[in-house]
Amino acid sequence: MYFVYILYSKKLDKYYKGYTNDLVRRLEQHNSGSQTYTRQGVPWKLILVLSKSTKNDALELERKLKNLNKDKLEQFIKKYKD
């Protein structure tokens with residue numbers, strides 16, 4: 001099982017999109033400051049998680065999310081958030 005996730009940094013007012021097969025570990029990495037790209041945005045808040053059965057499916061969704069502008073991404077979040 002793979003997870004596609006969206007994080008939000010209030011400090012930067014930015015979203016981060018990614019995928020992983022270990023969501024807990026990945027969130028810890030982002031919020032510990034050990035990841036260069038997300039270090040400046042700590043703390044990151046988990047906004048949305050979607051599960052995919054294969055790595056390819058997760059990569060495809062992540063790629064699509066990364067190509068959305070902020071308005072379209074927020075519409076996507078609103079549509080799929082519980």
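- Two different hydrophobic clusters hold Leu46 and Val4 under the rule that ILVMFWY side chains link at heavy-atom gaps under 4.5 Å.
- Leu61 CG to Tyr2 OH: the interatomic distance, rounded to the nearest 0.5 Å, is 14.5 Å.
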In a table with atom names and distances, give each donor-acceptor pair under 3.5 Å that connects a side chain of residues 16-25 to protein atoms at least two apart or in another chain.
from  : atom 1 : to    : atom 2 : distance (Å)
Thr20 : OG1    : Asp22 : N      : 3.0
Thr20 : OG1    : Asp22 : O      : 3.4
Asp22 : OD1    : Arg25 : N      : 3.2
Arg25 : NH1    : Gln29 : OE1    : 3.2

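- Asp13 has its side chain within reach of Lys70: a pair of non-hydrogen atoms, C-beta onward, lies under 4.5 Å apart.
- In this structure, Leu48 CG and Ile77 CD1 are separated by 6.5 Å, a value rounded to the nearest 0.5 Å.
- Closest non-hydrogen pair, Ser9 versus Gly41, comes out as OG-O, 2.8 Å.
- Side-chain contact between His30 and Arg26 is present, with heavy atoms from C-beta onward closer than 4.5 Å.
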Could you please spell out the steps behind the salt bridge (Lys or Arg N to Asp or Glu O under 4.0 Å) verdict for Lys78 and Glu74? CA-CA 6 Å; Lys78 186 175 181 179; Glu74 288 175 344; over 6 Å; no
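- Closest of all the heavy-atom pairs between Val42 and Trp44 is N-NE1, 3.7 Å.
- In terms of the salt bridge (charged side-chain N to carboxylate O under 4.0 Å, His left out) criterion, Lys14 has no residue partners (sequence neighbours excluded).
- The distance from the OG1 atom of Thr38 to the CG atom of Asn31 is 7.5 Å, given to the nearest 0.5 Å.
- If you take CZ on Phe76 and CG on Leu68, they are separated by 7.5 Å, rounding to the nearest 0.5 Å.
- Between Met1 and Lys52 the shortest heavy-atom distance is SD-O, 3.5 Å.
- Between the OH atom in Tyr5 and the CG atom in Leu50 there is a gap of 13.0 Å [rounded to 0.5 Å].
- There is no path of hydrophobic side-chain contacts, each under 4.5 Å, that joins Leu73 to Leu12.
- To the nearest 0.5 Å, the span separating CD on Glu62 from CZ on Phe3 amounts to 14.5 Å.
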